[in-house]
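One structure below.
Every value quoted in this text rests on a predicted model; they were computed, and no experiment measured them.
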Amino acid sequence: MAKPTPLSGFPELLPEQRFVEQQVIDTLRSVFELHGFAGIETRAVEPMDQLLRKGDTSKEVYVLRRLQEADSATDSGLGLHFDLTVPFARFVLENAGKLEFPFRRYQVQKAWRGERPQDGRYREFTQADIDIVGKDELPFHHDIEVTRVMVDALSRLADPEVLGLPPFRLQVNNRKLIQGFYAGIGAPDPSEVMRLVDKLDKLPAETVRGMLVEEAGLSPEQADRCLELATIRSADDSFVERVRALGVEDPLLEEGLGELAALLRGCASLTSDKVTIEADLSIARGLDYYTGTVFETRLEGSESLGSICSGGRYDALASDGRTTYPGVGISLGVSRVLVPLLNRGALVADRKVPSVVLVALTGEDTREESDAIATALRANGVPCEVAATAQKFGKQIRYAERRGIPYVWFTGDDGHQVKDIRTGEQVAADPATWTPPTSDHRPKVVVATGSTTPPAKEQKQ
């Protein structure tokens, strides 16, 4: 077999990196369940008509096709999901009779998107979503609740005692606000204006201004007013008066102002040096199913990654023609946050394996005794493994050091001895009762602060 070439956009993690990812997922699951969210998993594929009906995603969907299909011009009508929101909407419709509403779910799962791979953007990636869905109606206070839950989760991820990820900045806006403003200035197609304004984080303002005139049919004066609105930022509800000072009136605008102000006030008590929340009136979100609150989140010091946590309110994504299931949700791009940090060496586990103990082997004729010691340790909840070969003890200790295993277990004429190879301390121990200090039970995430070196050949990972 020839040496394989890494596939662009499909990251694979080493064991010590995978442990960091699992710690993130475990932390998220714990927080979500503390807030009463139930976990689900949906299938990997969805009908193409469902995947393509919302937003400009037709060039990003991976289509499923059998290799030996007779007619290569056709496909099965199925594609891999590019996010977890569209599959969740379908899940709600299929299972509505079995669910209690409002239904609160979390989902941590892979998704696939055929975009150009780059730092933080991958073709296969893991997302963590939370959503609350109602039946026919969903009060606005759930928008505030979802925001508070994600702020809680991000705060724990940024806590040095948990993982120590960099601080997060959660930016919020409301589509009613911006859509009402665009309608109030006489924009012929407010939805098109939203689509173009959403490009401000990727394109210069002057370029977006030209697109608003040429593609959205705005006058230069109207385009300037849209860009003026997009410059407004605020960590509290003071943005309301700044918007009203622009002199635009519209009922939908007023509704959006009220909702966004309520959300900021409802989350003010959770802000800290780890997670900040601000109103950012340039945020629109590219997918067109959002109808109210919209979120985007930046990682401090890694703003080039773009939004790593986003979502919003959707009032009509799921409907069977008789009943509508409005919802609000937010999604954290687990791979988008972690893989760049892992590739830079900014995060890593302090050992490559979960083993706490390596049971030394004196010879192949004593392997059965070593296996019995390992069995006793495991029965006491101690992860361990038996040495692969009966090398000299010095080589077995170095083997444990290379893998980050902190303890080596010896058996000899003096009975059982366990050695902490980090300190050199060796004591007598009973495999049926011995346990390591709590701090050694699991690998720990090590944060290399200040690591800003870009990952080598990131697009190849």
Side-chain angles (χ1 to χ4, degrees), residues 52-58 85-86 89 138 140 143 171-234 237 239-264 278-296 307 310-319 324 326-330:
L52 301 181
R53 72 187 180 94
K54 293 292 182 181
D56 184 19
T57 57
S58 60
T85 303
V86 172
L138 185 72
F140 177 76
D143 292 40
Q171 301 160 295
V172 294
N173 197 5
N174 194 294
R175 277 200 167 193
K176 296 175 184 177
L177 187 164
I178 53 179
Q179 187 172 358
F181 185 91
Y182 302 151
I185 64 171
D189 187 353
S191 296
E192 178 66 6
V193 176
M194 279 194 290
R195 186 185 72 83
L196 296 174
V197 169
D198 193 50
K199 298 179 182 293
L200 280 170
D201 64 338
K202 304 179 184 69
L203 299 174
E206 193 58 35
T207 301
V208 174
R209 181 181 185 273
M211 296 170 70
L212 289 170
V213 173
E214 296 173 10
E215 299 179 29
L218 301 188
S219 67
E221 294 75 17
Q222 289 173 319
D224 288 338
R225 302 195 77 182
C226 291
L227 294 177
E228 188 176 2
L229 177 73
T231 63
I232 295 177
R233 310 278 191 279
S234 175
D237 60 7
F239 72 91
V240 174
E241 292 308 316
R242 294 173 63 186
V243 173
R244 287 176 177 158
L246 298 178
V248 177
E249 295 184 359
D250 183 88
L252 193 59
L253 168 62
E254 285 300 315
E255 186 177 348
L257 285 171
E259 289 185 354
L260 185 56
L263 189 146
L264 283 176
E278 69 173 7
D280 183 336
L281 303 196
S282 69
I283 303 298
R285 300 295 301 138
L287 296 172
D288 62 9
Y289 50 65
Y290 294 117
T291 56
T293 303
V294 284
F295 311 95
E296 289 193 352
S307 178
S310 57
R313 174 78 176 221
Y314 46 91
D315 285 320
L317 182 63
S319 176
T324 299
V328 60
I330 188 166

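Within the model, atoms CD of Glu249 and CD of Glu254 stand 8.0 Å from one another, a figure rounded to the nearest 0.5 Å. Summarising the geometry, atom CG belonging to Leu257 is positioned 9.0 Å from atom CD belonging to Glu241; distances are rounded to the nearest 0.5 Å. Here the straight-line distance linking atom CG of Leu246 with atom CZ of Phe181 works out to 5.0 Å at 0.5 Å rounding. To the nearest 0.5 Å, the span separating CD on Glu255 from CD on Gln179 amounts to 11.0 Å. Between atom CG of residue Leu200 and atom NZ of residue Lys202 there is a gap of 10.0 Å, rounded to the nearest 0.5 Å. Distance check: Glu192 CD to Leu212 CG gives 8.5 Å after rounding to the nearest 0.5 Å.
The two residues Ala262 and Phe140 make their nearest non-hydrogen contact at CB-CE2, 4.0 Å. Looking at every heavy atom in both residues, Leu264 comes nearest to Ser234 through CD1-O, 4.2 Å. The shortest non-hydrogen separation linking Ala261 to Val240 is CB-CG2, 4.0 Å. What you find for Leu227 and Ala205 is that their closest heavy atoms are CD1-O, 3.7 Å. Of all the heavy atoms in Ala284 and Asp198, the pair that sits closest is N-OD1, 3.5 Å. Taking all atoms of both residues into account, the shortest heavy-atom contact from Pro326 to Asp315 is CB-OD1, 3.5 Å.
A 6.0 Å sphere centred on CD of Glu215 holds more than 12 heavy atoms belonging to other residues, nucleotides or ligands.
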Steps toward side chain to side chain contact (heavy atoms under 4.5 Å, CB included) verdict (Leu229, Val243): CA-CA 7 Å; Leu229 177 73; Val243 173; 4.0 Å; yes
One pair to check against side chain to side chain contact (heavy atoms under 4.5 Å, CB included): Asp250 and Tyr182. What are the steps and the verdict? CA-CA 9 Å; Asp250 183 88; Tyr182 302 151; over 6 Å; no
Report the C-alpha separation of Glu259 and Val172 in whole Å, then their side-chain angles, then the decisive distance to 0.1 Å, and conclude whether the side chain to side chain contact (heavy atoms under 4.5 Å, CB included) test is met. CA-CA 11 Å; Glu259 289 185 354; Val172 294; over 6 Å; no
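Every residue two or more places apart in sequence or in another chain that forms a side-chain hydrogen bond (donor to acceptor under 3.5 Å, both in side chains) with Asp143 is listed here: Thr293, Arg313.
For the pair Ile178/Val193, no side-chain contact is recorded, criterion being any heavy-atom separation below 4.5 Å from C-beta on.
A salt bridge does not link Arg225 to Glu228: none of the charged nitrogens lies less than 4.0 Å from a carboxylate oxygen.
A side-chain contact (heavy atoms from CB on, under 4.5 Å) with Val294 is found for one member of Arg175, Met194, Gln171 and no other, namely Arg175.
Listed for the Gln222 side chain is a donor-acceptor partner under 3.5 Å among the backbone atoms of Ile185. The backbone N or O of Ile283 sits less than 3.5 Å from a side-chain atom of Asn173, completing a donor-acceptor pair.
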